[in-house]
Amino acid sequence: FLRHLTGLFKNTFDPVVTSQYISVKIEKIKGKNVCLVECEKYPDAMPIHLNDKYFIRIGPRIDELTGQSLAKYI
């Protein structure tokens with residue numbers, strides 16, 4: 001289960017994002033196994049790749065980088 005879930009994150013996001021910012025583990029809570037996914041804060045100035053699109057956080061917003069904005073960033 002953990003390998004599959006981690007693979008889904010890796011295939012959806014960048015492997016670097018998955019390895020540095022997302023952790024997945026199983027913990028026992030009240031006698032039951034629970035999957036715990038922890039996501040660290042991603043740096044605001046770094047774009048994130050998701051489904052062949054690039055996004056960047058601007059204050060409280062997340063905007064897609066396209067066209068000239070994406071070219072300038074690269």
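All values reported here derive from a predicted model rather than from experimental measurement.
Remark: Glu40 engages Tyr21 in a side-chain contact (heavy atoms from CB on, under 4.5 Å) (not counting sequence neighbours). Annotation: ring-ring contact (aromatic ring centres under 6.0 Å, His included) contacts of Phe55 (sequence neighbours excluded): none. Residues passing the salt bridge (charged side-chain N to carboxylate O under 4.0 Å, His left out) test with Lys32, sequence neighbours excluded: none. In this view, Arg3 satisfies the salt bridge (charged side-chain N to carboxylate O under 4.0 Å, His left out) rule with no residue, not counting sequence neighbours.
Between atom CD1 of residue Ile22 and atom NZ of residue Lys10 there is a gap of 12.5 Å, rounded to the nearest 0.5 Å. With rounding to the nearest 0.5 angstrom, the CG atom of Leu2 is 4.5 Å from the CD1 atom of Ile26. Taken to the nearest 0.5 Å, the OG atom of Ser23 stands 9.5 Å off from the CZ atom of Phe9.
Residue pairs satisfying the salt bridge (charged side-chain N to carboxylate O under 4.0 Å, His left out) criterion with at least one member in residues 62-74, sequence neighbours excluded, are listed as follows: Arg61-Asp63.
A donor-acceptor distance shorter than 3.5 angstrom exists from the side chain of Ser19 to the backbone of Pro15, with no hydrogens or angles considered.
Using a 4.5 Å heavy-atom cutoff, the side chains of Val37 and Leu5 are in contact.
Here Leu36 sits alone; no ILVMFWY side chain lies under 4.5 Å from its own, so it joins no hydrophobic cluster.
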